[in-house]
Structures are given as structure tokens and as C-alpha cells.
Amino acid sequence: MTSNDLFDLASRKGHNVIYFDLPESKSLSIDDGACYIGLDISLARIEEKECLAHEMGHCEYGGFYNRYSPFDIREKAERRANKWSFLHLVPIGEIKTAIQRGFCNPWELAEYFDVSDKFMVGALAFYKEACGVNFSC
């Protein structure tokens, strides 16, 4: 999924994407009857794509938390947002296809999917933990 695909999906779902200065967090999302996604104005292309996918995950799963509530579990909401981003940016079937084509190392897969090495390593770990899949050539 490309950045343009993500922006189109956000628009179709009624999620509002807004750019402003977020130097510390880089991105955030809130639900105020509608989902609002804030992206830092200085994000690089791949970073923007990954942040948008992560925040879309919060919007799509309804995974928001209130830091003042003892009932909200931040890690659960973050894990669900990461899951959404992994499933949409690097789908398991497409990883298998890329490996069959000879893209075996995480950095090669990252280039193939146009994501960062860190994101790809996280996705591979997620699929291993969630699905028991070990990717190798």
C-alpha cells in the first residue's frame, strides 16, 4: 500500500489528516466523533507513510486511550495500531511472494515494500509471534 492509497483510504473513511508541528511524537490521532490524524510537518516520505498507517490503525480499530484512565491499556492500543499498519503495508502473502523472488534479508524486504528497516523487523516479529511464520529463503 502506498502513501497515496493510505490518504485515499483515510478520506473514504472520513478520517481527517492534518499537518502541524509535532517534533516529539511525530504523529497522533484522536477520536472526537470523527477521527483526526495529526502528522508532523517535517516527516520524511517513508516515515510519513508509517506514521499515517499506524494512526489509521488507531482510527480503524477504535484503539484510543486516555492516559488518566486506569482502565485503558496503552500497550494494547499501540499493538493493535501496529497490527493494522503491518497488515496493510506489508501483508503476509506479499512477504512470502517477495521472499520467493529472492528478497531474503529484512533490509531487502524493507526496500521492496518501501518501509524502514525498523518497521520491517517489527512486521516480521509480529507475523512470527501472531502466526508462527518464520520467513527465510
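Since this is a predicted model, take the numbers as computed values, not measurements. For reference, positions follow the sequence shown, starting with 1.
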Pair listing, salt bridge (charged side-chain N to carboxylate O under 4.0 Å, His left out) test, anchored in residues 26-47, at least two apart: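 Matches after skipping sequence neighbours: Arg45-Asp114.
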Salt bridge (charged side-chain N to carboxylate O under 4.0 Å, His left out) contacts in which one or both residues fall within residues 80-95, not counting sequence neighbours: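 Applying salt bridge (charged side-chain N to carboxylate O under 4.0 Å, His left out) to every pair that reaches into residues 80-95, excluding sequence neighbours, yields nothing.
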Applying side chain to side chain contact (heavy atoms under 4.5 Å, CB included), can you list everything that pairs with [X], at least two apart in sequence or on another chain?
X: Ala98; value: Phe103, Leu109, Tyr112, Phe113
X: Lys118; value: Ser116
X: Lys128; value: Asn134

With rounding to the nearest 0.5 Å, note down the distance linking [atom1] in [X] to [atom2] in [Y].
X: Leu6; Y: Glu50; atom1: CG; atom2: CD; value: 10.5 Å
X: Phe7; Y: Met56; atom1: CZ; atom2: CE; value: 10.0 Å
X: Ile41; Y: Glu48; atom1: CD1; atom2: CD; value: 12.0 Å
X: Ser29; Y: His58; atom1: OG; atom2: NE2; value: 5.0 Å

Glu60: salt bridge (Lys or Arg N to Asp or Glu O under 4.0 Å) partners, not counting sequence neighbours: Lys13
Do the non-hydrogen side-chain atoms of Ile95 and Leu124 ever get within less than 4.5 Å of each other? yes
Applying side-chain hydrogen bond (donor to acceptor under 3.5 Å, both in side chains), name anything that partners [X], two or more places apart in sequence or on another chain.
X: Arg12; answer: none
X: Thr2; answer: Asp5
X: Glu108; answer: Asn105

May I ask you to decide if Asp8's main-chain N or O and Ser11's side chain share a donor-acceptor pair within less than 3.5 Å? no
Hey, does the side chain of His88 reach the backbone of Trp84 with a donor-acceptor pair shorter than 3.5 angstrom? yes
Leu22: which other cluster members, linking ILVMFWY side chains closer than 4.5 Å, directly or transitively? Ile18, Phe20, Leu28, Ile30, Tyr36
Residues which pass disulfide (SG to SG under 2.5 Å) with Cys59, listed by chain and number, not counting sequence neighbours: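 Partners of Cys59 by the disulfide (SG to SG under 2.5 Å) criterion, ordered by chain and then number, come out as Cys35.
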Going by the rule ring pair (Phe, Tyr, Trp, His ring centres under 6.0 Å), which residues pair with Phe86 if we only count those two or more places apart in sequence or in a different chain? Phe119, Phe126
